[in-house]
Amino acid sequence: MEIIKHIASLSEEGRLLAAAAERSGPGASVPTCPGWQIRHLLRHTGMVHRWAAEFITEGHTAYHPDSGEPDLDGGELLDWFRAGHRHLVRSLEAASADLECWTFLPAPSPLAFWARRQLHETTVHRVDAESALGGPLTTVGADRAVDGIDELLTGFHARPRSRVRSTVPRTLRVRAVDTDAVWTVRISDEPPRAVRTSVAGDGHGGTGPDGEGDTESDRVDCELSGTAEGLYLTLWNRLPLGAVTLRGDRSVARLWTDNSAVTW
């Protein structure tokens with residue numbers, strides 16, 4: 001059921017992205033991706049969709065490079081994006097539950113991985129497309145936002161390529177106040193180690209990063225708290241730190257925002 005929900009949400013997010021891109025026009029600036037215009041966003045996301053679909057349809061069991069971004073613009077580019085997005089969705093819908101192919105994050109199965117990864121890829125870039133319009137963003141539900149935070153903290157930044165490092169060990173807590181989800185992120189000169197617990201099970205009872213009421217091992221240097229959606233978009237650097245509540249050492253939060261960008 002989780003895979004089915006992810007695919008359905010991916011389908012909707014792609015439609016929303018295309019609609020926002022069409023309204024803003026290919027030359028509109030994307031505030032959340034400095035230096036990008038909508039044309040760059042469509043080329044990149046469309047390329048990723050086709051790249052992902054190829055693993056699903058061809059069953060590549062090792063890394064396979066993408067085919068590059070197209071030299072398209074305007075209505076032609078938008079049509080190309082929509083076609084690639086539809087192909088990705090249909091490929092996921094038609095894939096066997098026992099699909100075997102390459103992945104790059106832990107997941108229950110390759111199909112679960114690609115459905116989840118492309119949902120969050122498309123959601124974040126849909127936010128980028130909507131940011132070019134300057135109006136309100138389409139809401140990301142709390143459950144999906146929690147899933148996206150989990151993928152980012154315990155998946156992407158557990159990899160050796162994460163640049164979130166510190167010679168002095170630091171600890172960041174992330175608390176989604178509209179759910180029971182809490183993450184504790186240990187930052188050192190190794191890749192960050194994030195552990196997810198629940199409010200009932202985190203042993204802190206709502207205490208802050210000043211350590212009052214915590215044991216020595218549980219103390220944190222900084223805490224970010226807010227709605228799951230606010231944290232999701234902030235941790236993906238789509239909203240500023242001011243969108244969530246920060247307590248403790250701001251430099252720890254800046255360590256995250258300055259070094260956490262996931263690049264192609």
Side-chain angles (χ1 to χ4, degrees), residues 32 104-108 116-117 119-121 123-124 127 137 139-263:
T32 49
F104 60 89
L105 295 177
R116 181 197 206 194
R117 175 78 292 275
L119 168 58
H120 292 300
E121 175 82 13
T123 299
V124 169
V127 170
L137 301 173
T139 300
V140 179
D143 287 347
R144 196 200 308 171
V146 165
D147 183 65
I149 295 169
D150 216 43
E151 184 199 45
L152 182 64
L153 296 183
T154 67
F156 270 107
H157 284 284
R159 300 186 301 167
R161 65 191 304 173
S162 175
R163 295 182 296 108
V164 180
R165 308 288 179 106
S166 174
T167 54
V168 178
R170 313 305 298 273
T171 303
L172 173 68
R173 183 180 296 153
V174 176
R175 187 185 299 275
V177 298
D178 53 343
T179 76
D180 66 353
V182 179
W183 295 263
T184 302
V185 186
R186 308 287 180 185
I187 303 171
S188 68
D189 56 4
E190 298 291 327
R193 293 185 298 108
V195 176
R196 177 179 166 185
T197 55
S198 66
V199 172
D202 71 350
H204 304 296
T207 58
D210 56 3
E212 185 177 349
D214 292 342
T215 65
E216 185 68 29
S217 63
D218 287 332
R219 292 178 184 171
V220 300
D221 299 294
C222 179
E223 178 178 287
L224 299 179
S225 62
T227 65
E229 178 185 34
L231 290 166
Y232 175 57
L233 297 181
T234 300
L235 291 169
W236 270 106
N237 292 320
R238 263 52 188 190
L239 288 178
L241 278 173
V244 297
T245 300
L246 189 158
R247 298 178 64 191
D249 187 347
R250 187 178 183 85
S251 70
V252 179
R254 294 301 312 178
L255 180 67
W256 177 271
T257 58
D258 292 347
N259 298 284
S260 64
V262 175
T263 59

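Remember, predicted model here, so these are calculated numbers, not experimental data.
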What distance separates [X] [atom1] from [Y] [atom2], expressed to the nearest 0.5 Å?
X: L231; Y: L152; atom1: CG; atom2: CG; result: 11.0 Å
X: T257; Y: L224; atom1: OG1; atom2: CG; result: 9.5 Å
X: R254; Y: L246; atom1: CZ; atom2: CG; result: 10.0 Å
X: R196; Y: D180; atom1: CZ; atom2: CG; result: 7.0 Å
X: L235; Y: W183; atom1: CG; atom2: CH2; result: 8.5 Å

Evaluate the side-chain proximity of [Y] to [X]: yes if any heavy-atom separation is below 4.5 Å, no if none is.
X: R165; Y: P191; value: yes
X: R144; Y: L119; value: yes
X: E229; Y: L137; value: no
X: L172; Y: V220; value: no
X: R170; Y: W256; value: no
X: S225; Y: R247; value: no
X: R163; Y: D258; value: no
X: L105; Y: R159; value: yes

Donor-acceptor pair, distance only, cut-off 3.5 Å: does the side chain of S166 make one with the backbone of V168? yes

Is a side-chain N or O of D221 found less than 3.5 angstrom from the main chain of T171, in a donor-acceptor match? yes

Distance-minimising heavy-atom pair for [X] and [Y]:
X: A194; Y: T154; answer: O-CG2, 3.7 Å
X: A228; Y: D178; answer: N-OD1, 2.9 Å
X: N259; Y: L255; answer: ND2-O, 2.8 Å
X: V185; Y: P192; answer: CG1-CB, 3.9 Å

Which residues share a salt bridge (Lys or Arg N to Asp or Glu O under 4.0 Å) with E151, sequence neighbours left out: R117

Check the pair H120, D147 against side-chain contact (heavy atoms from CB on, under 4.5 Å), reporting the backbone distance first and the verdict last. CA-CA 9 Å; H120 292 300; D147 183 65; 2.8 Å; yes

Listed by chain and number, what are the side-chain hydrogen bond (donor to acceptor under 3.5 Å, both in side chains) partners of T32, not counting sequence neighbours? D128, S131

Looking at residues at least two apart in the chain, or sitting in another chain, which of them share a side-chain hydrogen bond (donor to acceptor under 3.5 Å, both in side chains) with S251? D249

Could you walk me through whether H157 and V262 pass side-chain contact (heavy atoms from CB on, under 4.5 Å), step by step? CA-CA 9 Å; H157 284 284; V262 175; 4.2 Å; yes

Would Y232 and L239 satisfy side-chain contact (heavy atoms from CB on, under 4.5 Å), going step by step from the backbone distance to the final call? CA-CA 9 Å; Y232 175 57; L239 288 178; over 6 Å; no

